[in-house]
**Student:** 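Structure provided below as structure tokens; questions to follow.
Residue indices begin at 1 and follow the sequence shown. Atoms within a ligand are numbered from 1 in the order they appear, just like the ligands themselves.
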Amino acid sequence: MSIGEALLLAAEQGQTEQVRKLLKEGAEASYQRDSDGVSGLMVAAQRGNAAVVAELLQAGAPWNALDRKGCCAGEYADAAGQQETFDQLVLAGVQAELILGAVERQEARLGRPSAGPDTYLEQRLSGDAERLMDEQGRAVMMAWEGPLMEAHAHAICQQGADVLNVGFGMGMVDTALQSRQPASHTIIEAHPDVISKMKDAGWDRKPGVRIVQGRWQDVLPQLQTFDGIFFDTFGEDYADLREFHAHLPQLLRPDGVYSYFNGLAADNPFFHAVYLQLVAAELHALQGLTTQYIQLPIQMDDQVWKGVSNPYWKLSHYSLPLVHRDDAARQDNS
Ligand SMILES: C[S@@+](CC[C@H](N)C(=O)[O-])C[C@H]1O[C@@H](n2cnc3c(N)ncnc32)[C@H](O)[C@@H]1O
């Protein structure tokens, strides 16, 4: 038996001392069995063995390694109902990503080249009342998200507010914002097909509405400050969202409210849980903002994904982020 296999066996049998001894003797904490990709961290997570999980994490076992079926240790804990171990792994993921984020920001400052041009904005879009699709069969926006958009509009807009929405899509959040009679309503949209649909529907002639055409990355310097901000783009990832968040101190008024479409890793409950804590921790540490999540149930029929190449939602609940400045949040609580 190899030292890696011995480590896996000790982790499976919950022998913390033996795990520690093997690690000292040179066993790799990251060892994964050839046949199925299972690691010591996965089996310890499945058994809810916090001590073994802690030993392995401390010795450098990657919190997000996947077995051959694409499952990580957090999913093993989740499937076995090991909530404490699930939370232990979420924390490990958040800590690792906070450190990684700091490293990435350092590299960005050193001039690391970007990932390359975005192809989404060059594709023709098509759609109907149910969905907006790109040429690759990816759903850009879907009608089942309507109640969520209504809740986001409710969260960021009161009558007479100055609001900003980034990403028009099917116009659901903007329609919900209009019904709340904001004083001004700025919409940033980058896709030419979406912009021409907005114009066909008369959005450029609505009182108080200003359409800012272009990528938010390019047009933000033209903007003032807002009472309410909502962010929901497509074809972007957490690095982009984090970049947008860096602008919030300049865009959000002292008592303002910010929210974003919370679809980060929404096809995986464990990675989604890591993002919930990671985004809140980064908004707090880097931007001085406090995040609360409002839980909303999701009801959808599997038929919704028929013909869609990116079924991006698999969770039973939606965590709607409500973000305030720390000082405003303190006043709310007092
Ligand atoms: C998911 S949809 C928004 C859906 C919208 N919240 C609704 O209620 O219908 C995303 C939109 O963001 C736009 N978009 C993507 N990247 C963008 C960027 N960098 N700047 C501005 N808009 C962008 C897309 O063209 C698309 O219209």
Side-chain angles (χ1 to χ4, degrees), residues 114-157 163-180 182 185-201 203-204 206 209-223 226 228-247 251 258-264 266 296 298 304 308-313 318 320-321:
S114 75
D118 180 37
T119 56
Y120 157 71
L121 292 173
E122 284 147 28
Q123 296 190 32
R124 294 310 305 262
L125 302 183
S126 59
D128 53 28
E130 289 301 310
R131 47 175 87 167
L132 178 66
M133 306 287 289
D134 74 4
E135 285 171 20
Q136 296 169 3
R138 294 184 302 176
V140 176
M141 185 62 185
M142 302 182 83
W144 67 263
E145 297 175 51
L148 305 182
M149 294 300 128
E150 188 63 40
H152 277 292
H154 176 74
I156 68 152
C157 183
V163 291
L164 167 68
N165 174 41
V166 184
F168 182 81
M170 290 168 66
M172 291 193 284
V173 82
D174 289 295
T175 302
L177 288 169
Q178 277 293 290
S179 73
R180 287 170 171 80
H185 180 171
T186 303
I187 306 168
I188 302 179
E189 175 54 52
H191 201 292
D193 292 355
V194 177
I195 293 167
S196 66
K197 279 202 167 177
M198 290 172 82
K199 291 185 177 165
D200 290 348
W203 277 88
D204 53 338
K206 286 186 196 285
V209 170
R210 175 185 176 202
I211 302 174
V212 182
Q213 303 182 24
R215 297 170 71 240
W216 61 265
Q217 291 87 339
D218 302 325
V219 301
L220 284 185
Q222 303 172 21
L223 304 183
F226 299 92
I229 300 176
F230 180 59
F231 182 93
D232 179 13
T233 62
F234 178 78
E236 299 191 321
D237 58 19
Y238 182 49
D240 300 292
L241 183 66
R242 188 192 262 148
E243 188 186 330
F244 182 77
H245 288 172
H247 295 276
L251 291 171
Y258 164 67
S259 192
Y260 60 92
F261 175 66
N262 196 356
L264 293 163
L296 301 173
I298 294 276
V304 142
V308 174
S309 66
N310 63 332
Y312 53 86
W313 195 276
Y318 182 73
L320 185 149

**Student:** So between Met141, His191, Glu189, whose heavy atom ends up nearest atom 26 (C) of ligand 1?
**Tutor:**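 Heavy atom nearest to atom 26 (C) of ligand 1 belongs to Glu189.
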
**Student:** Side chains of Asn165 and His185: donor-acceptor distance under 3.5 Å anywhere?
**Tutor:**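 Note: Asn165 and His185 side chains miss the donor-acceptor criterion.
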
**Student:** Quick check: do Glu145 and Trp313 have side-chain heavy atoms less than 4.5 Å from each other?
**Tutor:**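 No. Closest side-chain heavy atoms not under 4.5 Å.
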
**Student:** Walk me through whether Met133 and Arg138 qualify under side-chain contact (heavy atoms from CB on, under 4.5 Å).
**Tutor:** CA-CA 6 Å; Met133 306 287 289; Arg138 294 184 302 176; over 6 Å; no

**Student:** Check each of Thr233, Leu220, Val166 against atom 17 (C) of ligand 1 and report the one with the nearest heavy atom.
**Tutor:**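 Closest candidate by heavy-atom distance is Thr233.
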
**Student:** Test your reading of the structure: does Met170 have an N or O sitting under 3.5 Å from an N or O of ligand 1?
**Tutor:**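 Yes: some nitrogen or oxygen of Met170 is under 3.5 Å from one in ligand 1.
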
**Student:** Look only at interatomic distance and state if Trp216 has a nitrogen or oxygen under 3.5 Å from any nitrogen or oxygen of ligand 1.
**Tutor:**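 Yes, since at least one N or O of Trp216 sits under 3.5 Å from an N or O of ligand 1.
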
**Student:** Need the ligand 1 atom indices (1-based, order shown) with element for anything under 4.0 Å from a heavy-atom of Gln217.
**Tutor:**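 Heavy-atom distances to Gln217 below 4.0 Å select 19 (N).
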
**Student:** Tell me the nearest of Asp232, Val140, Leu132, Leu148 to atom 6 (N) of ligand 1, using heavy-atom distances.
**Tutor:**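 Comparing heavy atoms across Asp232, Val140, Leu132, Leu148, the nearest one to atom 6 (N) of ligand 1 lies in Asp232.
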
**Student:** Does Gly214 come within less than 4.0 Å of ligand 1, judged by its heavy atoms?
**Tutor:**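 Yes; Gly214 lies near enough to ligand 1 that a heavy-atom distance drops under 4.0 Å.
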
**Student:** Using a strict 4.0 Å cut-off to heavy atoms of Val194, name the atoms of ligand 1 that fall inside it.
**Tutor:**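 Answer for ligand 1: 27 (O).
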
**Student:** Backbone N or O of Gln123 within a donor-acceptor pair of the His191 side chain at under 3.5 Å?
**Tutor:**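 Between the backbone of Gln123 and the side chain of His191 there is a qualifying donor-acceptor contact (under 3.5 Å).
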
**Student:** Decide yes or no on side-chain contact (heavy atoms from CB on, under 4.5 Å) for Phe231 and Glu236, but give the supporting numbers first.
**Tutor:** CA-CA 11 Å; Phe231 182 93; Glu236 299 191 321; 3.7 Å; yes

**Student:** Supply the atom-to-atom distance Arg124 CZ to Asp134 CG, rounded to the nearest 0.5 angstrom.
**Tutor:**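 Reported to 0.5 Å precision, the distance equals 12.5 Å.
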
**Student:** Which ligand 1 atoms does Phe234 reach within 4.0 Å, using its non-hydrogen atoms?
**Tutor:**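 By the 4.0 Å cutoff, the relevant atoms are 10 (C), 12 (O), 15 (C), 16 (N).
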
**Student:** So is Val173 polar-close to ligand 1, meaning N/O to N/O under 3.5 Å?
**Tutor:**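 Min N/O separation from ligand 1 is below 3.5 Å for Val173.
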
**Student:** Is there at least one pair of N or O atoms, one from Asn165 and one from ligand 1, spaced under 3.5 Å apart?
**Tutor:**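 In fact, backbone or side chain, Asn165 has no N or O that close.
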
**Student:** At what distance, to the nearest 0.5 angstrom, does CG of Asp237 lie from CG of Leu264?
**Tutor:**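 Rounded to the nearest 0.5 Å, the CG-CG separation comes out at 9.0 Å.
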
**Student:** Please tell me whether His245 and Tyr258 have a donor and an acceptor in their side chains that are separated by less than 3.5 angstrom.
**Tutor:**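 Checked: His245/Tyr258 side chains pair up, N/O donor to acceptor below 3.5 Å.
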
**Student:** Check Glu150 against Ala176 and note the closest heavy-atom contact, atom names and distance.
**Tutor:**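 For Glu150 and Ala176, the tightest heavy-atom pair comes out as OE1-CB, 3.6 Å.
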
**Student:** Pull out every atom of ligand 1 sitting under 4.0 Å from any heavy atom of Met149, numbered as shown with elements.
**Tutor:**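 Those qualifying, in numeric order: 6 (N), 8 (O).
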
**Student:** Looking only at heavy atoms, what is the nearest atom pair of Phe244 and Trp216, with distance?
**Tutor:**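 Of all heavy-atom pairs spanning Phe244 and Trp216, the closest is N-CH2, 3.5 Å.
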
**Student:** Looking at non-hydrogen atoms alone, which of Phe168, Phe231, Tyr120 comes nearest to atom 7 (C) of ligand 1?
**Tutor:**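 Of the listed residues, Phe168 has the closest heavy atom.
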
**Student:** Is ligand 1 under 4.0 Å from a heavy atom in the side chain of Glu145, in the backbone, in both, or in neither?
**Tutor:**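 Within the 4.0 Å criterion, Glu145 makes no contact with ligand 1.
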
**Student:** At the 4.0 Å heavy-atom cut-off, does Gly171 count as touching ligand 1?
**Tutor:**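 Yes, that is the case, since the closest heavy atom of the residue is under 4.0 Å from the ligand.
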
**Student:** Got an N/O contact under 3.5 Å between Gly169 and ligand 1?
**Tutor:**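 N/O-N/O distance under 3.5 Å: yes.
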
